[in-house]
2 protein chains.
Amino acid sequence: MARPPLARTKVLDAFEALLIDEGERAATLDATAQAAGVSKGGLLYHFASKEELITGLIDRLDELAADDLEQMLSAPGGPVDFYIRTSVLSGSAFDRGLIAAGRLAQSGHASASDALRRIRQSWADGIRPHVRDDTAMELVLLIGDGLYYNNVLDAAVGSGSGLAGPMPTGAQLDALIALTLKAAS
Amino acid sequence: MARPPLARTKVLDAFEALLIDEGERAATLDATAQAAGVSKGGLLYHFASKEELITGLIDRLDELAADDLEQMLSAPGGPVDFYIRTSVLSGSAFDRGLIAAGRLAQSGHASASDALRRIRQSWADGIRPHVRDDTAMELVLLIGDGLYYNNVLDAAVGSGSGLAGPMPTGAQLDALIALTLKAAS
DNA sequence: GTCTATATAGCGATAGAC
DNA sequence: GTCTATCGCTATATAGAC
């Protein structure tokens, strides 16, 4: 558990990349094995079924989410600033995991939807004490959701390792965060 | 063009319902034909390929989007109120089209992502004159995106004709709209 | 305009050699 | 632990009867 086999990680990374770059339909066992540089048999030694492959991805996402939450709670600018700022994708491992899970959720994999809901709830719990009321919390969360969704749509097919949307950056993002904080605090 | 063949509409409706209720993967030609009550050959007479089926759905969505935009611009409570209020799904034909297009976009169909981007831009143009600045417009748009995305995730697999998320309703929604208007106007 | 039958390819998964 | 070979199934699409 402390040090997963290299091949396992390579397969998981390849599966994740295919989900992000080409969609759930293209993320087949064949394609994943090829992208990871192993044979299909080799892949199926580590993940006995496609369902196990998905579970592996979600487990990894849960760990990254726990790290992210810790960072959010101790962020210098406060949780709200951290939350919104990091909702604009940076291409981090956590971002990639979230997008991949989003693709799976939209394709009808309940375990992925559940994981995303779980993570969103942990954000809600972390943000609630720092805003005025439930409505303000909902507003903050929804802005993050909106940013995330737009980036997810833009990370679509054929954009290579595509993580660069037309969403607010730099000064625009700062202004958006300032306005949100003003409305929510 | 004024009156499309009945079978065409039935097929389009069935395809859309499958996309929403069971995901892109389950929305096969076989399943669509069966749900529409025609044979696969019959379906393929109207839509010569799956790509044409998708195009048909998006064309229909574009028409519904034009109607929606008109309603938004002449809404009694103003475009912002209308926009946010209708971002919580009601199960309208437009809502269903948007979710179906979202599923296709996430599965890597560029034409669907393009349509969604186009529609979002038309909302932006309609809302811009009614808010303080670009940051305020972005905030409003993102809240709608967030609501939409959450509902889309919840409209997932196995929820029947599933359009009923845990998103704000009634008084909660009114409060959210009031807060948004306060921040943006 | 709608059907049945079929061609072709790709899917997830298994078996067994190395 | 990784490979090749193959099974059984389902996908999109075509051909041609009615």
Side-chain angles (χ1 to χ4, degrees), chain A residues 1-58 100 103-104 106-112 157-158, chain B residues 1-58 100 103-104 106-112 157-158:
Chain A
M1 186 152 294
R3 188 136 43 97
L6 180 66
R8 236 188 101 93
T9 303
K10 263 200 317 188
V11 167
L12 237 34
D13 287 343
F15 183 52
E16 187 177 80
L18 279 166
L19 281 170
I20 295 171
D21 296 333
E22 304 184 45
E24 193 262 354
R25 201 115 191 226
T28 65
L29 296 184
D30 272 294
T32 302
Q34 194 180 354
V38 299
S39 69
K40 209 192 322 194
L43 185 159
L44 284 162
Y45 171 79
H46 293 287
F47 302 95
S49 70
K50 192 162 194 185
E51 199 50 43
E52 277 191 30
L53 193 55
I54 292 171
T55 304
L57 211 62
I58 290 175
R103 301 263 198 258
L104 290 171
Q106 294 260 358
S107 300
H109 296 273
S111 56
V157 176
Chain B
M1 186 150 294
R3 189 133 44 95
L6 179 67
R8 236 188 101 93
T9 304
K10 265 200 316 189
V11 166
L12 238 34
D13 287 342
F15 183 53
E16 188 177 78
L18 280 165
L19 281 170
I20 295 171
D21 296 334
E22 304 185 44
E24 195 262 354
R25 201 111 190 232
T28 65
L29 297 185
D30 271 296
T32 301
Q34 196 180 352
V38 298
S39 70
K40 212 199 306 201
L43 185 158
L44 284 161
Y45 170 79
H46 293 287
F47 303 95
S49 70
K50 191 161 194 185
E51 198 50 43
E52 277 191 29
L53 193 54
I54 292 171
T55 304
L57 212 63
I58 290 175
R103 300 262 197 258
L104 291 170
Q106 294 261 356
S107 299
H109 296 274
S111 56
V157 176

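The sequence lines fix the lettering, A, B, ..., with proteins before strands; numbering per chain opens at 1. What you see below is based on every heavy atom in this structure, not just the backbone, and it leaves out hydrogens, waters and symmetry mates. All of these numbers come straight from a predicted model, not from anything done at the bench.
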Rounded distance (Å) that lies between atom P of C:dA13 and atom NE2 of A:His46: 17 Å

Distance-minimising heavy-atom pair for B:Arg103 and B:Ile20: NH2-O, 2.9 Å

B:Arg8 side-chain N/O to C:dT2 phosphate OP1/OP2 under 4.0 Å: no

Nearest listed nucleotide, side chain of A:Ser49, among C:dA13, D:dT14, C:dG12: C:dA13

A:Leu53 CG - C:dG12 P separation (whole Å): 10 Å

Comparing A:Gly41 and B:Gly41 on DNA chain C - which has the more 5′ nearest nucleotide: B:Gly41

Euclidean distance, atom CD of residue A:Gln34 to atom C1' of C:dG10 [Å, nearest integer]: 13 Å

Nucleotide C:dC11, atom C1' - distance to CZ of A:Phe15 in whole Å: 14 Å

Test log, rule side-chain contact (heavy atoms from CB on, under 4.5 Å), inputs B:Ser111 and B:Thr55: CA-CA 8 Å; B:Ser111 56; B:Thr55 304; 5.6 Å; no

Could you go through residues 4-18 of chain A and list every donor-acceptor pair under 3.5 Å that involves a side-chain atom there, pairing it with any protein atom two or more places apart or in another chain?
{"from": "A:Asp13", "atom 1": "OD1", "to": "A:Arg60", "atom 2": "NH1", "distance (Å)": "2.8"}
{"from": "A:Asp13", "atom 1": "OD1", "to": "A:Arg60", "atom 2": "NH2", "distance (Å)": "3.0"}
{"from": "A:Glu16", "atom 1": "OE2", "to": "A:Arg60", "atom 2": "NH2", "distance (Å)": "3.4"}

From C:dG12, D:dA13, C:dA13, nucleotide with atom closest to B:Lys50 side chain: D:dA13

5' precedence on DNA chain D between B:Leu29 and A:Tyr45 (nearest-nucleotide basis): A:Tyr45

A:Val38 side chain, from C-beta outward: closest of C:dC11, D:dT2, D:dC3: D:dC3

A:Lys40: side chain to side chain donor-acceptor pair (under 3.5 Å) partners, not counting sequence neighbours: A:Asp30

Given D:dC3, D:dT2, C:dA13, the nucleotide with the shortest approach to the side chain of A:Lys40: C:dA13

Distance in angstrom units between B:Phe47 CZ and C:dT2 P, rounded: 12 Å

side-chain contact (heavy atoms from CB on, under 4.5 Å) between B:Gln106 and B:Glu24, worked out: CA-CA 9 Å; B:Gln106 294 261 356; B:Glu24 195 262 354; over 6 Å; no

A:Asp30 side-chain proximity, nearest of D:dT2, C:dC11, D:dA11: C:dC11

Any B:Ser39 side-chain N or O less than 4.0 Å from OP1/OP2 of C:dT2: no

Rounded distance (Å) that lies between atom P of C:dC3 and atom CG of B:Leu43: 10 Å

Toward the 5' end of DNA chain C, by each residue's nearest nucleotide, A:Leu44 or A:Thr28: A:Thr28

